[in-house]
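Each remark here refers to the structure printed beneath this line.
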Amino acid sequence: MKIAVVGASGYVGAELIALLAKHPLIKEMHLLVSENSTSKDVAFSTLYPRFQATSKFSEQALQAFNGEWLAQNGAHLDAVFMATPHEYSQQWASAFLEQDIKVFDLSGAFRLNQPEDYPAYYGFEHNYPDLLDSAVYGLAEFNFDKIAKANLVAVPGCYPTASLLATKPITNANLQQKDVHIIVNGISGVSGAGRKASIASSFNEVSLTAYNVLQHRHQPEISQECGHPVIFNPHLAPFKRGLMATVTIHCQSHVTNEDVNKAYDQAYQTEQNAVVRVTQGWPKIDDVSNTPFANLHWQYDESKQILVVSCVIDNLLKGAASQAIQCFNLAMQQPVALSLVTPATIANAQTNTEVNA
Ligand SMILES: NC(=O)C1=CN([C@@H]2O[C@H](COP(=O)(O)OP(=O)(O)OC[C@H]3O[C@@H](n4cnc5c(N)ncnc54)[C@H](OP(=O)(O)O)[C@@H]3O)[C@@H](O)[C@H]2O)C=CC1
Ligand SMILES: CC(=O)N[C@@H](CCC(=O)OP(=O)(O)O)C(=O)O
């Protein structure tokens with residue numbers, strides 16, 4: 001297959017290129033940056049020396065992407081991965097789709113169903129509301145059937161990925177109390193903010209802090225996908241990569257420990273689950289950083305009907321690049337974790353959730 005990665009100079013783009021280079025279906029890969037990028041014509045391994053000599057693509061130079069490039073090369077492409085700013089993805093996705101190229105967009109440009117949420121949470125008017133209707137939300141563990149048929153996949157944000165893996169088994173089983181918000185506390189490493197320089201993410205400035213409280217764009221995304229109102233409290237922490245979402249859910253009065261365990265079993269003891277691992281103790285970011293896995297643990301107090309569940313992921317992998325490859329695999333009718341996880345490891349991931357009881 002012939003593919004392209006737009007945003008090849010960014011953190012997510014780099015992880016995607018490294019993973020796609022090991023994928024057995026990929027024969028040709030174009031590494032693309034924006035028209036005026038300072039990384040144009042620079043070899044990928046010069047920009048990211050840790051990937052030097054790791055694949056046949058690592059010495060390839062980054063090419064400038066524009067309409068002319070697409071007119072010349074689009075006919076040969078099977079799929080494109082867009083690891084670009086939201087507004088840029090929104091602007092270019094339709095041009096790829098018109099040429100029958102499947103789009104895996106890692107920005108937030110196509111995640112929300114309501115066009116009016118874009119000015120409110122993203123700061124721009126959405127020009128393609130029809131694509132919001134046709135885009136499939138790429139949470140691989142839950143939307144696998146739809147992803148398999150999609151032309152445009154909106155790969156989830158990093159915080160929503162961890163939050164929804166923790167929450168959806170419960171909301172899908174309707175175990176939560178209807179009139180109480182679900183509370184999500186998220187903590188992210190600094191790579192979540194991308195590679196560009198900013199005061200907020202500079203070395204001397206980063207210290208554990210809450211930010212964007214009650215206004216973060218991931219709040220409507222999490223609410224939309226779990227079908228329940230949430231309060232989302234994001235925090236920035238002084239480490240490079242990794243993310244944790246710890247979620248508090250008030251359950252209905254009849255809900256037992258057995259009901260909770262059954263809900264997680266039904267969600268994750270399935271053939272479709274390759275990367276969600278239920279752990280015996282509270283998960284740590286170091287257990288998943290630089291891996292495609294999500295680790296999950298919960299505790300339910302039956303007397304108070306309060307459930308606390310914590311999920312950790314690598315924000316650049318399960319929170320972005322490896323999740324996009326799960327979606328690509330599903331869309332290409334391949335095993336969901338092809339090139340990410342070995343079959344023996346998948347069997348271990350489907351751990352019996354009774355360890356959590
Ligand atoms: N970091 C994370 O943990 C996650 C990020 N995402 C999303 O993935 C996408 C990429 O994020 P990330 O890699 O972190 O960001 P980076 O800032 O590291 O990279 C962004 C990329 O987009 C390009 N770019 C920047 N500005 C423009 C522009 N105005 N027009 C066109 N291209 C531009 C940059 O390249 P150049 O200027 O060289 O062209 C660069 O390749 C974003 O949409 C982000 O929201 C999703 C999940 C997790
Ligand atoms: C630490 C940090 O700044 N994180 C980013 C989230 C990055 C991400 O995954 O989100 P999108 O794909 O929706 O941009 C933020 O809070 O904006």
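Remember, it's 1-based here, ligands and their atoms both numbered in the order they're listed. Since the structure is predicted, the reported quantities are computational estimates derived from the model, not experimental observations.
- Of all the heavy atoms of Ser188, the ones lying under 4.0 Å from any atom of ligand 2 belong exclusively to the side chain.
- Legend: side chain to side chain donor-acceptor pair (under 3.5 Å) pairs involving residues 326-337, not counting sequence neighbours, sorted by first then second residue: His23-Asn329, Glu141-Gln326, Lys318-Gln326.
- Close N/O approach between Arg217 and ligand 1 is not found [any backbone or side-chain N/O within under 3.5 Å].
- At a cut-off of 3.5 Å, with distance as the only test, a side-chain donor of Thr256 or Asp259 sits close to an acceptor on the other residue.
- Here's the thing with Gly13: none of its N/O atoms is less than 3.5 angstrom from an N/O atom of ligand 1.
- Within ligand 2, counting atoms from 1 as listed, the ones closer than 4.0 Å to a heavy atom of Tyr211 are 1 (C), 2 (C), 3 (O), 4 (N), 15 (C), 16 (O).
- Listed by number with element, the atoms of ligand 2 under 4.0 angstrom from any heavy atom of Leu236 are 1 (C).
- Counting atoms of ligand 1 from 1 in the listed order, those under 4.0 Å from a heavy atom of Ala320 are 47 (C), 48 (C).
- At least one N/O-N/O distance between Gly7 and ligand 1 falls below 3.5 Å.
- Remark: ligand 1 and Arg111 share no N or O pair separated by less than 3.5 Å (distance only, no angle test).
- Comparing Ala154, Gly192, Gly194 by heavy-atom distance to atom 5 (C) of ligand 2, the nearest is Gly192.
- Heavy-atom contacts of Ser9 reach the following atoms of ligand 1: 34 (C), 35 (O), 36 (P), 38 (O), 40 (C), 41 (O) (cutoff under 4.0 Å).
- Under 4.0 Å from ligand 2, not a single heavy atom of Glu221 appears.
- Atoms of ligand 1 found under 4.0 Å from any heavy atom of Leu316, numbered from 1 in the order shown, are 1 (N), 2 (C), 3 (O).
- Remark: ligand 1 atoms within the under-4.0 Å shell around heavy atoms of Gly319 are 47 (C), 48 (C).
- For atom 12 (O) of ligand 2, the choice among His235, Arg111, His218 with the nearest heavy atom turns out to be Arg111.
- By the 4.5 Å heavy-atom criterion applied to side chains, Ser188 and Phe239 are not counted as neighbours.
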